[in-house]
Amino acid sequence: MNDVLQFEHVSKIYKNGTAGLKDVSFSVKPGEFIAVIGPSGAGKSTLLRSINRLQDVTEGRILVEGEDISRAKGSALRSIRRKIGMVFQNYNLVYRLSVLQNVLHGRLGYMSSLQGMLGRYREEDKVKAVELLQEIDMGDFLNSRAADLSGGQKQRVGIARAFMQEPQILLCDEPIASLDPASAKVIMDMIYAMTSRRHIACLVNLHQIDAAKSYATRIIGLRKGTVVFDGPPSELTDAAIEDIYGTSMEELSITAEREAI
Ligand code: ADP
C-alpha cells in the first residue's frame, strides 16, 4: 500500500534559532493511528503544523500522497490541504454561529471565495453535515449556537467539521487536553471510530501516555525535536518512556497526579 504521508529529513529552525524539529523522517500508511508523544517543547505541535503548512519547514520534504506540500503554492497547496483535516485543542469554532454552520465551514476549501463569503452551500453539503453530526450524536443540536455547548460537544463539532473535507489524513493537536476524563474518552473513541471506519491515517498529539497506549496502532516519541521512539504501543516500555521524557517513571506519575488535581 502506498504511503499517504512521508517526512524526509525534515528540520524546522525558528527565526530565533530554536530547533523545533531535527532531521525527522518517517512514513505513514492509510489506516494508521499514530500518537505523537513527548514532553512540552519536544516539537509535537511543530510536527503537526508542518503537515498542513500552518508553518514552513527549513529543510527536507513532506509528501502527502506523493505530492510535496513543503514547496506547493496557490491552487496546488489548496488542493493538498483539502486532503488534511485538523482538530484543535481549543476547538477553533465560530461561537456566534450554529453547530450546522460551523460544520459546513469544513467545506470552504472546496468553494470559490465568493460562494464561501455568501454562505452558499449546496444541498448535498448540508445533508452531509447533518449526517456527520448524527454520526457523532449531535443530531439534536444542529441549530444550537456553538457558544452554548460543553467542551466535549464543541470538540465533536470540530471533528465533524474536519470530516466535511473528506480528508485522507486527520491531524489532532492535543484534542483532549481541555476536557474532563469522561469527555476525553468519548472524543478519543469518536476520533478512533471515524478514522478507522474510513481507513484514513490519523496523527494525534497527546500528553496522556495512557491514551496513547490504548488507542494508537503506532507511537512516535519526540524529544528535543528528534524522533527517539517509533513503534507499536507494546514496545513502549518504561525505559522507552523515560528516554522520551528524560525523567523517571516515578517523576512522571507524580507530575500526572499533580495535573489531575
Ligand atoms: P510541543 O508541541 O511538543 O510542546 P512545540 O512544537 O510547540 O513543542 O515546540 C518545539 C520547540 O520550538 C520548543 O522549544 C518551542 O519553544 C519552540 N517554538 C515553537 N514555536 C515557536 C515560535 N513560533 N518561535 C520560536 N520558537 C518556537
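What you see below is based on every heavy atom in this structure, not just the backbone, and it leaves out hydrogens, waters and symmetry mates. All ligand and atom numbering here is 1-based and tracks the order in the structure.
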**OP:** Compare every heavy atom of Val87 with every heavy atom of Pro175, then report the nearest pair and how far apart it is.
**Re:** CB-CG1, 4.2 Å
Subject >> Polar contact flag, side-chain donor to acceptor under 3.5 angstrom, Glu174-His207 >> reply: yes
Original post:
Are a donor atom and an acceptor atom from the side chains of Asn102 and Tyr95 found within less than 3.5 Å of each other?
Top reply: no
Original post:
Which pairs count as salt bridge (charged side-chain N to carboxylate O under 4.0 Å, His left out) when at least one residue sits in residues 208-219, sequence neighbours excluded?
Top reply: Glu32-Arg218, Arg218-Asp230
Original post:
Considering all heavy atoms of both residues, which atom of Leu93 and which atom of Ala146 are nearest to each other, and what is their separation?
Top reply: CD1-CB, 4.2 Å
**OP:** Enter the distance from Thr217:OG1 to Ile219:CD1 here, rounded to the nearest 0.5 Å.
**Re:** 9.0 Å
**OP:** Below 4.0 Å from any atom of ligand 1, which residues have a heavy atom? Give them in chain and number order, please.
**Re:** Tyr14, Asn16, Thr18, Gly20, Pro39, Ser40, Gly41, Ala42, Gly43, Lys44, Ser45, Thr46
